[in-house]
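Just so you know, residue 1 is the first one in the sequence shown, and it goes up from there.
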Amino acid sequence: MCGIAGIVQLNNRDVNVNDIHSMMSAMKYRGPDDDGYIVDKNVGLGFVRLSILDLSLGGHQPMLSQDGKNYIVFNGEIYNYIELKSILSSTYSFKTNTDTEVILAAYDKWGEKCLDYFNGMFAFAIYSTESKNVFLARDRYGIKPLYYFYDETVFIFASDIPPILKIRKNINDADYQSIYDFLILNRTNYSQNTFFKNIKKVKHAQKIVISNNRIIVRPWYDLQSKVAASEPFKNSSEFKEQLIDSINLRLRSDVPVGTCLSGGLDSSTITSLILDHLNKPDLHTFSSIFQKGQKGDESDYIMLYKNIVKNMHFTKPSCNSLLKDLDKFIEALVEPVPTTSEYSEYKVMELAKSNCTVLLSGQGADEELAGYKYFFGYHFKDLLFGGNWLTLIKELYYYTKKNKTNEGFKSFVFSLLPRILKENKSLLKKSYLSSEFFHDYKVSPEITNLYEAENLNQFLLNHFKYKLEHHLSWADRSGMWFSIETRFPFLDHRIVERILSQNSKDLINNGVDKMILRKSMDGTVPAKILKRKEKIGFETPEDIWFREPKFQDLVMDIISSKKFKNRGIYNHKKIVGTYNNHLKGKCNAGKEVWKWIHLELWFRQYIDIN
């Protein structure tokens, strides 16, 4: 895990080496162990390194291929680099034990097709000293970030947005469409757009070639066609074997590896498999806990591991700690997030910094195994249009009996609506938004596309296209702020492609989700966790926090400020009324209050500076 940056002058002017240095310094936290750069006339590449594999200077980047033809800067991990190295060693003379050099060798042998061979998370750029072309690529599901800015004179890219802003201070305009979708639907990271109007991201599974000052953007991987060509898992045992192999690959490291342990099924699965099947008795786990009975507290489930895990670590996020960390937290996240749950993950990463450099996380499991309650709605739709009416009645009954929320029923009704009604703005209006702002924009089509699915499997596929990436982006930014690499075993493409071809009854059955995972973990994960039905994750008691006197002062200062009132976004009277009702306990508006706070402080930190 590292940070990469680059400049390609499309007007053939020489790159200013000071710009490369500035970009590198703006993300040094991503790579505190080493750095390097090259400038060749109109092309410059920069790199900061967090050493994970081959800690020697052999892993220094930019790395040059054995024939001197290609330079690479690479952020991420190629987990199957050992297997690929054995294939490539007959034609390539390796000098290091890094996965970076394996990418160079694979590119030398297979060209752009090398991407198909990689099992990993990655964003990299390869510069050809012969053709002068620059080739960029991003992994299948968007685990590793890559952002860019371009105009008629220059193409600039980096692992995060601040390095680009560092050398282009006049491009930090806010993207109000992104702000609209954030406030209305809590959505971020659903397209190539960012909260900065002039900065885009390379989409997942996308490659870019810059040749003769032309920029060519194409997808290199199509999940839907891969799923169509894949065989489902025959049974839960086969799924378990593949998951163990995925975890084992992601344990490859020359630095300590731990796990995020939230108390949920996904993180518990990874922790239990490492302990029981992969012989790692000295494993470190990192958890976020709160006071007993508070929203978000999972300590009862986490402590089921107290006699199994030797090295358990805990952090206790609080109202006071959030206030103390607020400016740094907003700086680390770069773009607004719609909930303080990400603050729990941020504190877990901070906790891990002194013990581990790599953490394994359960992110991605919900999106591939139908782990959110609203997935039931599309399961019901599947049964309805498939003519399985008796099964539908049974599933509706068991859902009512085993789940405490009506979210599945609401999702079922919503799934049946025509697109025109799903896009009906009157159903989405937030009373605290100004009428002008609300009517000036409409919901982005990518968001509506998420819900356009005829069955559960298509709905899951849509999540990989339009929704999963926000979790991955937040994990990357929180982790890298503390120089922590986060890995996701459930997002091994060998698992994703097969599980999304699975019959829906293997995912949801008798009112229970993630069936194939639950069956596979029977006898491995503690029974109390295995039988859990509620979904929590890294939640926080934010409704309580925002009623605390210290936060009341902050919130009132913000919403009463001239800057806030003049944004052209809010109906100030409604804002004050909503917050007063929250303070009186007439409603729980914590999520909305947080969005006001984060968005306003983001404006002040990133947009108003010019």
Side-chain angles (χ1 to χ4, degrees), residues 79-80 83 119 140-141 223-251 259 264-279 360 362-373 375-376 378-380 382-383 386 388 390-392 394-395 398-399 402-403 455-461 463-464 468 488-533 535:
Y79 302 117
N80 62 333
E83 291 77 11
N119 183 343
R140 293 170 178 85
Y141 310 127
L223 178 57
Q224 187 156 347
S225 62
K226 291 292 184 181
V227 170
S230 294
E231 289 290 329
F233 290 104
K234 296 183 180 68
N235 49 53
S236 59
S237 296
E238 188 181 25
F239 170 77
K240 182 178 182 179
E241 289 174 10
Q242 188 70 84
L243 183 56
I244 291 172
D245 186 65
S246 172
I247 294 171
N248 198 29
L249 280 180
R250 282 154 183 79
L251 289 174
T259 66
L265 177 58
D266 310 330
S267 65
S268 299
T269 291
I270 293 170
T271 299
S272 291
L273 289 176
I274 291 174
L275 293 169
D276 293 357
H277 293 270
L278 297 171
N279 193 29
L360 269 59
Q363 292 285 14
D366 289 316
E367 286 77 9
E368 69 187 32
L369 295 165
Y372 299 119
K373 296 304 177 186
F375 281 120
F376 279 89
Y378 283 79
H379 176 54
F380 299 152
D382 212 347
L383 296 172
N388 299 308
L390 289 178
T391 305
L392 173 60
K394 183 195 73 171
E395 286 294 331
Y398 278 117
Y399 179 85
K402 296 181 179 181
N403 296 277
N455 52 54
L456 178 61
N457 291 70
Q458 183 61 53
F459 194 37
L460 294 169
L461 259 170
H463 275 66
F464 276 79
L468 168 65
F488 308 98
F490 283 100
L491 292 180
D492 188 309
H493 68 279
R494 301 170 302 168
I495 293 176
V496 174
E497 292 167 6
R498 296 185 68 185
I499 204 68
L500 293 187
S501 69
Q502 213 75 28
N503 190 298
S504 62
K505 69 179 177 59
D506 294 327
L507 304 178
I508 295 177
N509 196 23
N510 291 336
V512 180
D513 57 20
K514 297 183 178 178
M515 283 302 297
I516 192 170
L517 178 61
R518 294 180 193 274
K519 288 180 180 179
S520 71
M521 291 299 108
D522 189 17
T524 300
V525 169
K528 187 176 179 180
I529 295 174
L530 204 61
K531 294 176 182 178
R532 290 188 67 182
K533 304 299 187 298
K535 174 68 182 169

Under the side chain to side chain donor-acceptor pair (under 3.5 Å) test, which residues partner [X], sequence neighbours left out?
X: Lys394; value: Asn510
X: Ser520; value: none
X: Asp506; value: Gln502

Beyond-backbone contact of [X] with [Y], side-chain heavy atoms, under 4.5 angstrom:
X: Ile499; Y: Gln242; result: no
X: Leu273; Y: Met521; result: yes
X: Asp266; Y: Lys514; result: yes
X: Glu395; Y: Asn388; result: no
X: Arg532; Y: Leu265; result: no
X: Arg140; Y: Leu491; result: no
X: Asp513; Y: Asp366; result: no
X: Asn403; Y: Tyr398; result: no

When rounded to the nearest 0.5 angstrom, what distance separates [atom1] in [X] from [atom2] in [Y]?
X: Leu461; Y: Ser501; atom1: CG; atom2: OG; result: 10.0 Å
X: Ile274; Y: Asn279; atom1: CD1; atom2: CG; result: 12.0 Å
X: Ile270; Y: Leu243; atom1: CD1; atom2: CG; result: 7.0 Å
X: Leu360; Y: Ile247; atom1: CG; atom2: CD1; result: 7.0 Å
X: Met515; Y: Ile508; atom1: CE; atom2: CD1; result: 10.5 Å
X: Glu497; Y: Glu368; atom1: CD; atom2: CD; result: 11.0 Å

| field | Side-chain donor or acceptor of Ser246 paired with backbone N/O of Pro489 under 3.5 Å | value | yes
| field | Asn119 backbone acceptor or donor facing Asn80 side chain under 3.5 Å | value | yes
| note | Checking Tyr399, Phe459, Phe380 against Phe375 for ring-ring contact (aromatic ring centres under 6.0 Å, His included), the one that qualifies is Phe459
| field | Worked verdict on Gln458 versus Val227 for side chain to side chain contact (heavy atoms under 4.5 Å, CB included) | value | CA-CA 10 Å; Gln458 183 61 53; Val227 170; over 6 Å; no
| task | Quick one: do Glu367 and Val496 satisfy side chain to side chain contact (heavy atoms under 4.5 Å, CB included)? Show the steps, please. | result | CA-CA 10 Å; Glu367 286 77 9; Val496 174; over 6 Å; no
| request: Show the numbers, then the answer: is there a side chain to side chain contact (heavy atoms under 4.5 Å, CB included) between Leu500 and Phe464? | output: CA-CA 10 Å; Leu500 293 187; Phe464 276 79; 4.1 Å; yes
| field | Between Thr271 and Thr259: side-chain donor-acceptor atoms closer than 3.5 Å | value | yes
| query | Taking atom types as modelled and ignoring hydrogens, do the side chains of Lys505 and Thr391 form a donor-acceptor contact shorter than 3.5 angstrom? | reply | no
| task | Report the C-alpha distance between Phe490 and Leu517 in whole Å, list the side-chain angles of each, state the deciding distance to 0.1 Å, and finish with yes or no for side chain to side chain contact (heavy atoms under 4.5 Å, CB included). | result | CA-CA 11 Å; Phe490 283 100; Leu517 178 61; 4.3 Å; yes
| query | Pick one: which of Glu238, Glu231, His493 meets side chain to side chain donor-acceptor pair (under 3.5 Å) with Arg498? | reply | Glu238
| Under 6.0 Å from the NZ atom of Lys531, do we count more than 12 heavy atoms belonging to anything else shown? | no
